[in-house]
Amino acid sequence: MKPSIPKGTRDFSAKEIAYRNYITNTIKEAFSLFGFAPIETPSFENSETLLGKYGDEGDRLIFKILNSGDYLSKVDEHLIKSKDSIKISPKISEKALRYDLTVPFARYVVQHQSEIMFPFKRYQIQPVWRADRPQKGRFREFYQCDADVVGSKSLLQEIEFIQLYDTVFTNLKLEGVTIKINNRKILSGIAEVIGEQDKLIDFTVALDKLDKIGEDGVIEEMIAKGISKEAIEKVKPLLHLSGDSKEQLNVLKNLLADSDQGLKGVEELRYVINSVEKIGLETAKLQLDVTLARGLNYYTGAIFEVAAPKSVKIGSIGGGGRYDDLTGIFGLKDVSGVGISFGLDRIYLVLEELGLLNDVEIEKPKVIILNFEEETILSKLKAIQQLRLKGISVEMYPDVAQSNNQQKKQWKYVEKRAIPFVISSVENDQFILKEMDTNQQKLCSLEELISICQ
RNA sequence: GUGGUUGUAGCUCAGCUGGUUAGAGCGCCGGAUUGUGGUUCCGGAGGUCGCCGGUUCGAACCCGGUCUUCCACCCCA
């Protein structure tokens with residue numbers, strides 16, 4: 001059998017893990033700096049927890065887990081003969097792999113509401129699964145790093161999340177990141193003003209594609225979705241908004257004069273953007289983007305999306321927003337939440353492409369002891385014990401060299417792993433120590449060895 | 001879900017319009033030379049050319065199907 005793994009999944013080498021840990025540690029540090037504490041939820045949930053939360057498209061992409069045992073025996077025979085997958089699947093599958101971290105988190109909040117102190121701040125770094133077709137920066141198993149606050153409607157949270165994004169990308173030394181911000185209330189306000197409330201989703205999805213398919217493309221798609229020509233005519237000014245955020249907000253304010261909701265969105269955005277501008281960001285740029293929609297149906301206020309530096313062609317590396325009633329479907333009303341997510345795998349690709357991972361330390365021993373002759377093994381093992389007691393990582397090449405070639409192989413092993421110190425042999429309690437960087441070699445005692453390598 | 005793309009030794013790839021025992025470099029293993037590696041040289045192992053079927057006297061190369069890779073759309077991190 002030829003070994004293989006399912007498409008869209010990956011093995012990670014020691015080096016890749018080192019790089020990934022560097023990224024997640026940077027994110028974790030920032031999360032706790034901002035007062036978030038980690039929680040974890042199971043890899044799979046009851047299907048009813050997940051299904052219907054992400055729209056039809058989302059449901060299609062959820063990995064369903066087949067019931068164990070004789071899962072067909074209890075299914076009605078007519079149903080099986082009907083070959084109706086949608087009706088049969090809930091009968092044979094009651095669990096599913098989580099699709100994101102937000103919905104399981106909402107479930108968690110409701111289920112543990114009596115133990116939780118609100119406002120509740122948590123972070124979660126775990127893999128999620130989607131039955132998608134893989135492509136660049138898109139996998140079927142990937143990691144999300146989410147931070148959310150529930151139980152506070154304060155816009156200060158939005159401001160803090162923007163700062164959190166900025167902190168992480170600053171610490172990763174990633175320059176040129178753009179944090180795009182919009183407000184769902186503005187989008188529904190626009191839909192209201194142009195009289196197309198019921199087509200809000202189609203409208204926003206089309207608008208979202210502006211930078212991808214251009215003005216004509218957006219208009220074409222809106223027509224295809226049945227949005228009236230009058231409505232589109234009213235929207236047109238949006239398609240070429242210009243100027244700084246202040247000017248853009250003023251245009252929006254005029255456009256949305258008849259929509260209370262829309263005006264509220266404008267004010268919320270104005271507050272957040274003004275505050276952030278006054279406080280200042282380290283490396284990231286905050287940008288108002290009225291076309292920013294995001295697919296998820298549960299956002300109700302601010303919407304965030306993080307774009308990688310322009311030189312890297314990849315989808316968004318993070319996103320988030322405010323959802324006023326996510327916990328409502330699980331029976332807990334009026335709990336507002338806001339959160340953001342970092343796409344670990346995409347951030348990795350961006351950093352790698354920009355060469356920002358090259359300086360990351362890879363775990364390896366500091367010292368290696370070569371194994372050229374049987375007789376000295378015991379004294380070497382003793383030295384190893386002493387070095388390890390001092391916290392110096394050290395290993396010995398396991399196989400004794402029987403020939404010149406095998407000695408050569410040991411040296412090659414050292415070189416390949418870039419181990420800085422090599423002990424080639426022991427004579428009368430004196431070690432022959434070679435420092436690979438300088439190529440200098442000297443004879444030293446155990447004490448000297450420890451002080452050099454420490 | 002739609003469209004395209006890829007698949008030859010462990011890795012990177014050759015293999016002209018179908019023709020006898022399928023090649024290279026690197027790597028790997030053994031050996032020689034090098035004071036303890038990084039040089040040079042010699043030798044060796046390793047592939048039913050993704051899989052199934054078809055066309056043909058004959059296919060790695062043509063056709064169909066299938067799986068896989070990567071990419072774009074949809075959607076998204």
Side-chain angles (χ1 to χ4, degrees), chain A residues 1-10 23 27 54-62 85 98-102 125-146 165 201-202 204-206 208-209 212-213 217 221 224-225 292-297 303-308 313-321 339-350 368-373 397 399 401-419 422-427 431-434 436-437 439-443:
Chain A
M1 194 189 85
K2 207 176 173 182
S4 68
I5 54 175
K7 68 169 146 192
T9 65
R10 295 151 296 161
I23 300 171
I27 294 173
Y54 311 99
D56 293 343
E57 183 72 17
D59 281 359
R60 210 193 76 216
L61 298 177
I62 290 174
S85 312
R98 66 164 168 255
Y99 177 86
D100 71 359
L101 300 178
T102 308
I125 298 180
Q126 289 189 277
V128 302
W129 294 269
R130 295 185 187 176
D132 216 343
R133 283 243 184 125
Q135 53 181 281
K136 188 175 182 189
R138 165 175 296 185
F139 308 98
R140 302 219 287 189
E141 178 184 61
F142 63 97
Y143 276 73
Q144 288 190 334
C145 315
D146 277 29
Y165 267 138
I201 301 266
D202 287 335
T204 51
V205 167
D208 191 34
K209 291 180 192 160
K212 219 172 204 172
I213 57 180
E221 176 154 339
K225 295 287 183 183
L292 177 60
R294 313 209 75 239
L296 295 174
N297 335 32
I303 309 168
F304 303 113
E305 186 164 295
V306 182
K313 270 196 162 183
I314 199 161
S316 63
I317 56 175
I340 58 168
S341 177
F342 291 83
L344 168 62
D345 305 85
R346 286 186 178 175
I347 291 172
Y348 182 107
L349 290 173
V350 171
I368 186 163
I369 300 185
L370 300 183
N371 197 349
F372 289 165
E373 66 279 313
Y397 196 89
D399 300 298
Q402 308 286 359
S403 68
N404 276 352
N405 246 35
Q406 287 179 347
Q407 290 192 1
K408 190 186 234 177
K409 196 180 163 186
Q410 295 193 18
W411 282 107
K412 276 192 174 174
Y413 179 81
V414 172
E415 196 186 344
K416 208 162 198 176
R417 293 189 63 193
I419 298 172
V422 182
I423 292 164
S424 51
S425 60
V426 192
E427 289 165 15
F431 299 89
I432 300 175
L433 177 71
K434 185 166 190 169
M436 295 304 281
D437 276 353
N439 224 11
Q440 300 268 316
Q441 187 165 299
K442 66 173 153 187
L443 213 60

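Hydrogens, waters and symmetry mates play no part in the numbers below; they use all other heavy atoms, side chains included. Here is the naming used below: chain letters follow the sequence lines, and residue numbers restart at 1 for every chain. Because the structure is predicted, anything quoted here is derived from the model rather than measured.
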Rounded interatomic separation in angstrom, taking [atom1] from [X] and [atom2] from [N]:
X      : N      : atom1 : atom2 : answer
A:I368 : B:rG37 : CD1   : P     : 16 Å
A:I5   : B:rC67 : CD1   : C1'   : 15 Å
A:Q440 : B:rG38 : CD    : P     : 19 Å
A:I62  : B:rA77 : CD1   : P     : 13 Å
A:L349 : B:rC70 : CG    : P     : 12 Å
A:Q402 : B:rG31 : CD    : P     : 10 Å
A:M436 : B:rG37 : CE    : P     : 11 Å
A:K209 : B:rC76 : NZ    : C1'   : 12 Å

- Item | Who pairs with B:rC62 - Watson-Crick or G-U, where each distance is under 3.5 Å |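 WC or wobble partner is B:rG54.
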- Base paired to B:rG25 (Watson-Crick or G-U; both N/O distances under 3.5 angstrom): B:rC11
- Please tell me which of A:E57 and A:N439 maps to the more 5' nucleotide of RNA chain B, matching each residue to the nucleotide holding its nearest heavy atom.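 Nearer the 5' end of the strand: A:N439.
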- Message: Using heavy-atom distances to pick each residue's nearest nucleotide on RNA chain B, tell me which of A:R133 and A:Q406 is more 5'.
- Response: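 Nearest nucleotide further toward 5': that of A:R133.
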- Using the six-membered ring wherever Trp is involved, compare the ring planes of A:W411 and A:F372 and label them parallel, tilted or perpendicular (cut-offs 30° and 60°).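 Tilted: the ring planes of A:W411 and A:F372 meet at 30° to 60°.
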- Task: Tell me, with the steps shown, if A:D399 and A:K409 meet salt bridge (Lys or Arg N to Asp or Glu O under 4.0 Å).
- Result: CA-CA 11 Å; A:D399 300 298; A:K409 196 180 163 186; over 6 Å; no
What nucleotide among [options] has an atom nearest to a side-chain atom of [X]?
X      : options                : answer
A:V205 : B:rC75, B:rC76, B:rA32 : B:rC75
A:N405 : B:rG31, B:rA77, B:rU34 : B:rG31
A:D132 : B:rU39, B:rC75, B:rG31 : B:rC75
A:K409 : B:rC29, B:rC76, B:rG37 : B:rC29

Sticking with atom [atom1], work out how far [N] lies from [M], rounded to a whole angstrom.
N      : M      : atom1 : value
B:rC13 : B:rC70 : P     : 14 Å
B:rC49 : B:rG44 : C1'   : 23 Å
B:rC26 : B:rA9  : C1'   : 12 Å
B:rG58 : B:rG18 : P     : 15 Å
B:rC51 : B:rU69 : C1'   : 15 Å
B:rC74 : B:rG4  : C1'   : 15 Å
B:rA45 : B:rG50 : C1'   : 24 Å
B:rG46 : B:rC29 : P     : 16 Å

- Message: Let me confirm one number: the CZ-OH distance from A:R130 to A:Y99, rounded to the nearest 0.5 Å.
- Response: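 With rounding to 0.5 Å, CZ (A:R130) is 4.0 Å from OH (A:Y99).
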- Rounded to the nearest 0.5 Å, how far apart are CD of A:E427 and CD1 of A:I432?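 Those atoms lie 4.5 Å apart.
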- Taking the six-membered ring where the residue is Trp, are the ring centres of A:Y165 and A:F342 under 6.0 Å apart?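 Ring-ring flag for A:Y165/A:F342: true, centres closer than 6.0 Å.
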Assign [X] to base, sugar-phosphate, or nothing according to its heavy-atom contacts below 4.0 angstrom with the strands shown.
X      : result
A:G318 : sugar-phosphate
A:I347 : nothing
A:S425 : nothing
A:D345 : nothing
A:S341 : nothing

- Query: Does A:K434 make a side-chain donor-acceptor contact with the base of B:rG37, cut-off 3.5 Å?
  - Reply: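 Looking at the base of B:rG37, it does pair with a donor or acceptor on the side chain of A:K434 (distance under 3.5 Å).
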- Could one point to a donor on the side chain of A:Q407 or the base of B:rG37 with an acceptor on the other under 3.5 Å away?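 Looking at the base of B:rG37, it does not pair with any donor or acceptor on the side chain of A:Q407 (distance under 3.5 Å).
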- Return the set of residues passing ring-ring contact (aromatic ring centres under 6.0 Å, His included) with A:Y397 (not counting sequence neighbours), or none when no residue passes. A:Y413
Short side-chain N/O contact from [X] to OP1 or OP2 of [N], under 4.0 Å:
X      : N      : result
A:S424 : B:rG37 : no
A:K416 : B:rG27 : no
A:K7   : B:rU68 : yes

- Message: Tell me the closest heavy-atom pair linking A:A293 and A:D208, and the distance in Å.
- Response: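 Of all heavy-atom pairs spanning A:A293 and A:D208, the closest is N-OD1, 3.5 Å.
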- Task: Work out which heavy atom in A:E141 is nearest to a heavy atom in A:P127; give both atom names and the distance.
- Result: CG-CB, 4.3 Å
- Message: Does any part of the side chain of A:I125, heavy atoms only, come nearer than 4.5 Å to the side chain of A:C145, both counted from C-beta?
- Response: yes
- Identify whether the distance between the nearest side-chain nitrogen and carboxylate oxygen of A:K412 and A:E415 falls below 4.0 Å. no
- Near RNA chain B, under 4.0 Å by heavy atom, which residues of residues 135-143 of chain A?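 RNA chain B contact set from residues 135-143 of chain A: A:Q135, A:K136, A:G137, A:R138, A:F139, A:F142.
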